[in-house]
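Accompanying notes for the structure given below.
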Amino acid sequence: MANKYLDKARSLVAKLLKPVLEEFNFFLAVLLINNSLTFGYIVGCFMYPDNSPYHAVQCLALGVAIAYVLTVVLHALKPRWARISFKALCYTILITLEAVYIFLFFNFEMMLGPRVLVLLAETNSKEASEFVSTYFLSSKSLWAYAAIVAIIALVVTGELIKKIIKKAVNRRIPKAIITCIVLPLMLWGVYLSHNYVRLAMCKHSKELNQWVRDFGVDAIDHLSTSYYSLCCLKVSEADLKYAVNVAKAVEKSLITLADSDSLNVIVVMGESYIKHHASLYGYELNTTPNLIKERDKGNLIVFTDMVTPYNATSQVEKNFFSLNDYSGGEMWYDKPIFPAVFKHAGFNVYFWDNQRNYAKTEMFTITVNAFIYNDTIAALSYDETSNISMTFDYNLITNFQNKSKVPAAKNNLYIFHLMGQHVHPVGRYPKKKGFDVFNADSIKSKEKYLDKDKRTYIAQYDNATYYNDAVVQHIFDIWKDKNTVVLYFSDHGDEAYDYRDHCGRGNVTTDNPQLLHCQFDVPFMVWCSDTYIKKHPQLYKELKQATARPGLVVDAAHMMLRLAGIKSPYYQASLDISNPNYKTKKRIVSDKYNYDEVMARKP
């Protein structure tokens, strides 16, 4: 009797493994290409303590199950044309996903995922052109292309010698090894597939984030990542609908003004600003002469320990505009955006955005533009918005001065979103107007990896910073004779060969203190006109007392409500860094690293 059941078990195992043994070259190619990230993560388990061996094997099992299912389908196809078509389809999809992954990883250390869709959605034709000119033929890209060609060559070779491979794997010992490895992983992977159902049932980002915490996405295969990204798009639509209802509720809230005087509140959002490239913060080149002058006069209050939770514009901007308690776990859609509160308080609200993208397709619901420019939210939040992007940020300000059609009111909120030093710094400043002040010889760093081209890039970044200083000063000058308060900060930092042979941002996969310092430690400052200082001496004093407090830029909207004298149920004193009742919270960056704990390890 025992032998009978044993024979049935052997027969079942043989039937289950037959497709794999018959189509082993296809099975192996699908597994290796689809799970390249998984295998890299497994290697990392021996190098990085943060890598979880359990998560690695779990993702490998899921990848084996996917490869097995595709192999079964191929094995079931009998017509030659059907088999060829199915193989071509699978190889095309998987190699394309792998090619994108390799390109992103080599250039930006970024993985496939929802953020790629966000970046695609946020990138206009001009930025795409700059991206291509910067990265398409870079040395890292050439290595990526070589790797992709090698993968294609291996796949073709596998197809040419598939009969030899089939014969080899069907020998007794290889067959036994494959059975012992593939069968348990495949069965476990089939069991784990219930996570796909749970993922599909997520209704909001909070649930989706919980799914990520429970299952993890650090090592999942390309196809699963693509499915996860599509689910993120679906969830983002629900988030947006919720945000719209929250914005509508502002009109029913009780909001009052503490001051009857006229007031101008200005928010200037910079872009890709490496804090330690500002002479205001100790950089050796004089990149911020105007800001230093304003600081020395006493008008500019410079905060020294402000951190951004993300190194991507969309995530920062959504959480900055929202009055949510980010550290407390509230999502950006849980609270209204601060311009809606200002508008309900009687302010005229103007928003001039040099990164605005008008396309509003379904894919763009994951982007910040779908949130802050949603028709309903925009109607409740702004009196006027810009409708054109300018080559240089100074022109954005002059465009506002010349083209704004809504007359200023007694109280006004002006929001300017600059291009700053984003992606292609040489294109961020006019070289014939006195802003091309630094060159390769200006960069005195002795790092061995710095050649003339890289020193030139650093100099161009510093020129863009120098130009940004002039743009911000121009904003101060426009409103200097009025009762005005200005907030300037950058959404995130960047890298310009600061401590390693690398420029730009990417997916953060390590808690390197230097990396976090470059990309997450950002400039943050408040400028007060002489009139504002005279009218609000206590606020001015408390601002100066707060400069060394550790804070998050995404909480700054609460401070702006206080500086504007707006009393609202949405205001939280514990999140307002200027308030004596401010409470320091954990500063988690990139959703996983405690910034202060990491920086405490810095030598």
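Keep in mind that what you see is a predicted model, and the values were worked out from it rather than measured.
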Has [X] got a side-chain atom pairing as donor or acceptor with [Y]'s backbone, closer than 3.5 angstrom?
| X | Y | result |
| --- | --- | --- |
| Asn319 | Gln315 | yes |
| Asn374 | Ile377 | yes |
| Thr92 | Ala88 | yes |
| Ser386 | Asp353 | yes |
| Thr38 | Ala219 | yes |
| Ser85 | Ala82 | no |
| His222 | Ser224 | no |
| Asp334 | Glu330 | no |
| Thr308 | Tyr310 | yes |
| Asn195 | Leu192 | yes |

Item to check | Pairs where residues 573-601 contributes a residue and the test ring-ring contact (aromatic ring centres under 6.0 Å, His included) is met, not counting sequence neighbours | outcome: none
Checklist entry - Would you find more than 12 non-hydrogen atoms of other residues, nucleotides or ligands less than 6.0 Å from Lys241 atom NZ? => result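 Counting other residues, nucleotides and ligands, NZ of Lys241 stays at 12 neighbours or fewer.
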Checklist entry - For Leu223 and Ile93, what are the C-alpha separation, side-chain angles and deciding distance, and is it a side chain to side chain contact (heavy atoms under 4.5 Å, CB included)? => result CA-CA 9 Å; Leu223 291 175; Ile93 293 173; 4.2 Å; yes
Taking atom [atom1] of [X] and atom [atom2] of [Y], what is their separation to the nearest 0.5 Å?
| X | Y | atom1 | atom2 | value |
| --- | --- | --- | --- | --- |
| Phe489 | Met525 | CZ | CE | 11.5 Å |
| Leu396 | Ile388 | CG | CD1 | 10.0 Å |
| Ser322 | Ile372 | OG | CD1 | 12.0 Å |
| Leu487 | Leu563 | CG | CG | 8.5 Å |
| Leu94 | Tyr101 | CG | OH | 14.5 Å |
| Asp218 | Ser52 | CG | OG | 9.5 Å |

I want to know whether [X] and [Y] have ring centres closer than 6.0 Å.
| X | Y | answer |
| --- | --- | --- |
| Tyr570 | His558 | no |
| Phe520 | His492 | no |
| His204 | Tyr242 | yes |

With [X], which residues qualify under ring pair (Phe, Tyr, Trp, His ring centres under 6.0 Å), at least two apart?
| X | answer |
| --- | --- |
| His55 | Tyr41 |
| Tyr350 | Phe400, Tyr414 |
| Phe524 | Phe303 |
| His517 | His276 |

Indicate yes or no: at least one non-hydrogen side-chain atom of [X] is less than 4.5 angstrom from one of [Y].
| X | Y | value |
| --- | --- | --- |
| Ser327 | Leu552 | yes |
| Asp393 | Asn354 | yes |
| Trp188 | Val57 | yes |
| Phe338 | Phe320 | yes |
| Ile95 | Ile33 | yes |
| Leu62 | Leu185 | no |
| Arg505 | Asn311 | yes |
| Phe371 | Tyr333 | no |

Is there a donor-acceptor contact under 3.5 Å linking the side chains of [X] and [Y]?
| X | Y | value |
| --- | --- | --- |
| Gln355 | His417 | yes |
| Asn348 | Asn411 | no |
| Thr313 | Asp491 | yes |
| Glu98 | Ser36 | yes |
| Asn34 | Asp221 | yes |

Item to check | Candidates Glu207, Lys206, Arg213 - the one meeting side chain to side chain donor-acceptor pair (under 3.5 Å) with Gln210 | outcome: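 Among Glu207, Lys206, Arg213, the one meeting side chain to side chain donor-acceptor pair (under 3.5 Å) with Gln210 is Arg213.
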side-chain hydrogen bond (donor to acceptor under 3.5 Å, both in side chains) involving [X] - partner list, sequence neighbours excluded:
| X | value |
| --- | --- |
| Gln58 | none |
| Asp383 | Lys343 |
| Ser272 | His422 |
| Asp576 | Tyr571, Ser578 |

Checklist outcome for this item: Hits for side chain to side chain contact (heavy atoms under 4.5 Å, CB included) against Asp596, two or more places apart or cross-chain, chain-then-number order -> Arg587, Asn594
Checklist entry - Does any pair with a residue in residues 182-203 pass salt bridge (charged side-chain N to carboxylate O under 4.0 Å, His left out), and if so which ones, sequence neighbours excluded? => result Arg198-Asp214
Item to check | Any pair counted as salt bridge (charged side-chain N to carboxylate O under 4.0 Å, His left out), so long as it reaches residues 34-43, sequence neighbours left out | outcome: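 Applying salt bridge (charged side-chain N to carboxylate O under 4.0 Å, His left out) to every pair that reaches into residues 34-43, excluding sequence neighbours, yields nothing.
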Next on the checklist: For Tyr227 and Tyr196, take the angle between the two ring planes, folded into 0 to 90°, and tell me which bin it lands in: parallel under 30, tilted 30 to 60, perpendicular over 60.
Outcome noted: perpendicular
Checklist entry - Can you say whether the rings of Tyr273 and Tyr488 are parallel (under 30°), tilted (30 to 60°) or perpendicular (over 60°)? => result perpendicular
Checklist entry - Between Lys335 and Asp325, is there a salt bridge with N-O shorter than 4.0 Å? => result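 No, Asp325 and Lys335 are not salt-bridged.
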Item to check | The single option from Val406, Leu413, Val341, Thr385 passing side-chain contact (heavy atoms from CB on, under 4.5 Å) against Val349 | outcome: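 One option only clears the test, and that one is Leu413.
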Item to check | ring pair (Phe, Tyr, Trp, His ring centres under 6.0 Å) evaluation trace for Tyr91 with Phe26 | outcome: CA-CA 9 Å; Tyr91 285 144; Phe26 176 80; 5.6 Å; yes
